[in-house]
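Throughout, protein chains are lettered first and strands after them, A, B, ... in sequence-line order, and every chain is numbered starting at 1. Scope of the values below: all heavy atoms of this structure, side chains included, with no hydrogens, waters or symmetry mates. Here the structure is a predicted model, which means the values were calculated and not measured.
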Amino acid sequence: MSTATEFQAKTRTGRIADFVDQRVGGSTMVKEFGRKIFPDHWSFMFGEVALYTFVILLISGTFLTFFFDPSMAETHYAGSYNPLRGVEMSVAYASSLDISFDVRGGLFMRQVHHWSALLFVASVSVHMLRVFFTGAFRKPRELNWVVGGVLLILSLAAGFTGYSLPDDLLSGNGLRIIDGVVKALPLVGTYISAFLFGGEFPGTAIIGRLYMLHIMLVPALILLMVAMHLFMVVVHKHTQYPGPGRTEDNVVGFPVGPVYAAKAGGFFFIVFGVVALISGFFTINPIWNYGPYDPSPVSAGTQPDWYIGWVDGALRLMPGMLGNFSFEWIIPFPWGANTLVLNVLLPALVPAIVLLGLMFAWPWIERWVTRDDREHHILDRPRNAPFRTAVGVAGVVFYSVMWAAASSDLVATHFLVSLNDVTYWLRALFFLGPVIGFIVTRRICLALQRKDRDIVLHGREAGIIEMSPEGGFSERHEPLDEYKRYRLVAFDSPDVVPAQPDAVGHISRAEKRRGALSRLFFEDRVAPVTPEELAEAHAHHGHAAVEGGEKAQIGH
Amino acid sequence: MRDNMGDHSHGGPNDTGTVAKAGPGPLDTFQDPGLPPHRKRLADTDPRAEKRAERQVAWLFVISIIGTLSFFIAYFVIGRTDSISALRTQNMLLGLGTAFAMLGIGVGIVHWAKTLMPDHEVSESRHEIRTEADRQDAAKIIGDVIEETGIKRRPLIRNTIIGAIALAPIPAIFMFRDLDRTGATAGQIVDRLRYTMWDKGVKLVRDPSGTPIKASDVQIGSTFHVIPEGLSETEHPLNEKAKAVVLLMRLDPGKMNISPGREDWHYNGIVAYSKICTHVGCPVALYEQQTHHLLCPCHQSTFDLTQECKVIFGPAGHALPQLPITVDSEGFLVAQSDFTEPVGPSYWERG
Ligand code: HEM
Ligand code: FES
């Protein structure tokens, strides 16, 4: 225990560092992390943006808590915004106005908080898309994918609870919609609504309750999940894109100290700077224009925050009546009739369950279909996993149709078409869009893969037209150097795995289904070029100069 | 499917050449050429370029300092202001100052890293997340721990502790019963959704002024946003208002399709309908005079006034409830009774 006494630090900083080191074992940590390798790629930035915007939310949100008062008691506004002076409103709304008009920099902080909230949810989403389309969720990272999914849901919860706090007309209207959806839940809806609002809507309890969730419970859960998420990133080490020198057994990139830390740390300030710039120039949520919450007025054309749009859009797409048939299904029971509000329940729950369910289950679905139980640390280029890319695009299309539906009225007025027609089209796209998206995407991926093969076999088009001695014109093709070539040929192309009999020679129904899915996904496939094929192609085209050309390229 | 893939490379009709055969053996794949040779940057070889990069980085940090200073200028020079336009300017300058302060630091550090710090890519090997030896050790430890508790040999203890642990959290769920602060019983919670402030003889008054409405004030084409008289004196005006708001319009009685039992719910073509959308509760605020349609701006449910506000488009599942009205002795519009069905969104017990 006392071996360290032999070392005597010479400088003051050295002595302090040594003091801490002897008590917490800092040297071990520095050894572990100081030169840890992180691969670098622009698409790895989205996760960082998510983390940094969350930090900005913590900072700006904490500032807001010093001035915000979540009470729903009635008050008469007496602040410096003239048009609302004397108007009856809740203390929560009045304090949000005070933050905007009577706390210097308060408006700026509200803007920073709201803009970084929008950016936070956006970056979490894009980060998830990146992970999905590159196959980074595969073994051993499945659980981290799940943690990421939970983070996405929590970020929506944080956004929604925050949006409701200022108690302006729009946020109250949002709560009213939530109340309507909650009431539609069979058996328990009426009571959950009463418990949530502390009685009848809107009551005087909801803002205080959401406030607790918004500044304590949800951020604490997010923090916990972020900690787990990053812990797992360290355990797994980062994935990397395929390329020369990159294998399943190594990780190639920059050491944390100094380059990676500098780039990542500097990036935090860049994100903060961009958020500040947007907040300075573009007003978001000008609550003073909306007025206090009142159940009677509403303004058309107002939009919820973007991440709520898809649920709102789903609500719009569902028809309530088909002719004289109502989706409010009144079920006669011996004790009286009960109502199953399918026109609200179906759109509010089914798309969310389908999307989120598929999202959480996807790593296991893919593992089951491909029967691939290997670890994967090398990412797929999206085109090299056409089936997955196609499924992902189908999901994105599904989401986007609902999202577009949330703006159906704006689409209609902007393009001067009938609102009803826009809705009918979107209803059709809701079902057809994902299928079209799947088919088209897979075709595009296969075409891109074939183009890659072409490039490997015949080289890149150099943009130079040559005339042959016979007078024909052709474009010169430049051969690839071996590094560029390796990038294009180093990938796995999963093959159909037909249904397999089990130990006693029986093929189960589930296994048959798996076989069918496997055929759907992998029947059409493009395999990487093999060395043999390349040699053949060269012989065929008589490219004697290929080798020489390559040498010249490696030279510099 | 395979033949229409349009493969235009190599191989005969039976073998497109794009399908891998057998498992990819080592000879089937390209050799990894290893990391590409490192390329030096200008600043690595040219001391002048290095010096230049150094100055650029320092300048970026200076820009940050200027940004921070300009934040203070916006904060103190504009100071506290009552004017919206000054506030906007202040907000913009605070944003600009902060943006420069942050971007200066951020871009400066990144530029420093990119131009002056070593940019060699390095390779590090991955380790097994769990080694077999560790697994065996851990399994043994867990086995020993369980063995020492003796839980497997003592089912009495095991079963009682499972029972106790399963029961213990249940009070925590019941604790939430009083989240409803009104003290209402389960029956009352359901029941109160059926009733609003409207009652026999309650005057229809304008929202928000509270002035009563004479039948003669209501012309064809006009719309009144209506609340019950005495709303603001109630204990929870917003709660009452959220159920009781009404739209008042006048129609040519010849255009109205009236169902049996409702013949006297209107007064000379003046009709009152709940303003709370039966979909999920937004106020139905838009009245299109020509078509006699009421439109909810939230999800575009459309109700036809000439058909007793039946749903003709959108996600709402039933018509807007009608408030039976008449006039009192002075000619003011009053309610005949409460609504005859619950207003607003549907719920399980609505029936
Ligand atoms: C975790 C992610 C978070 C998200 C997505 C988020 C989102 C939001 C949004 C959209 C608003 C409405 C802003 C507006 O007024 O326009 C809001 C308000 C607010 N947030 Fe957050 N927030 C987050 C975390 C936090 C944290 C950690 C705190 C405090 C520690 C906080 C404190 C507040 C306060 C006090 C308000 C009300 C201020 C006002 O409306 O003027 N937030 N939040
Ligand atoms: S609330 Fe009226 S259409 Fe949804």
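Side-chain contact, Arg525(A) with Ser493(A): a donor N or O sits under 3.5 Å from an acceptor N or O. In summary, the side chains of Arg80(B) and Ser80(A) do not present any donor paired with an acceptor at a separation below 3.5 Å, with no hydrogens or angles considered.
Only the side chain of Gln90(B) has a heavy atom closer than 4.5 Å to any heavy atom of chain A. When heavy atoms are compared at a cutoff of 4.5 Å, Tyr75(B) approaches chain A by way of both its backbone and its side chain. Proximity to chain A (any heavy atom under 4.5 Å) is shown, for Ser64(B), by neither the backbone nor the side chain.
Considering only heavy-atom pairs separated by less than 4.5 Å from chain B, the leading option among Pro39(A), Gly106(A), Gly266(A) is Gly266(A). The residue among Phe201(A), Tyr191(A), Phe101(A), Tyr81(A) with the most heavy atom pairs within less than 4.5 Å of chain B is Tyr191(A). For the set Val271(A), Val529(A), Ile331(A), Thr283(A), the count of heavy-atom pairs under 4.5 angstrom toward chain B peaks at Val529(A). Ranked by heavy-atom pairs under 4.5 Å with chain B, the list Ala276(A), Gly198(A), Ala262(A) is led by Gly198(A). Ranked by non-hydrogen atom pairs under 4.5 Å with chain B, the options Ile330(A), Leu196(A), Leu315(A) are led by Leu315(A).
Around CZ of Phe281(A), the count of heavy atoms belonging to other residues, nucleotides or ligands within 6.0 Å exceeds 12. For Phe333(A), the CZ atom sits in a packed shell: over 12 heavy atoms of surrounding residues, nucleotides or ligands are nearer than 6.0 Å.
For the side chain to side chain donor-acceptor pair (under 3.5 Å) test with Lys241(B), the passing option among Thr234(B), Thr196(B), Asp207(B) is Asp207(B); the others fail.
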Check: Would Ser125(B) and Asp249(A) count as a side chain to side chain donor-acceptor pair (under 3.5 Å) if you check the C-alpha gap in whole Å, the side-chain angles of each, and the deciding distance to 0.1 Å?
Finding: CA-CA 6 Å; Ser125(B) 54; Asp249(A) 302 316; over 6 Å; no

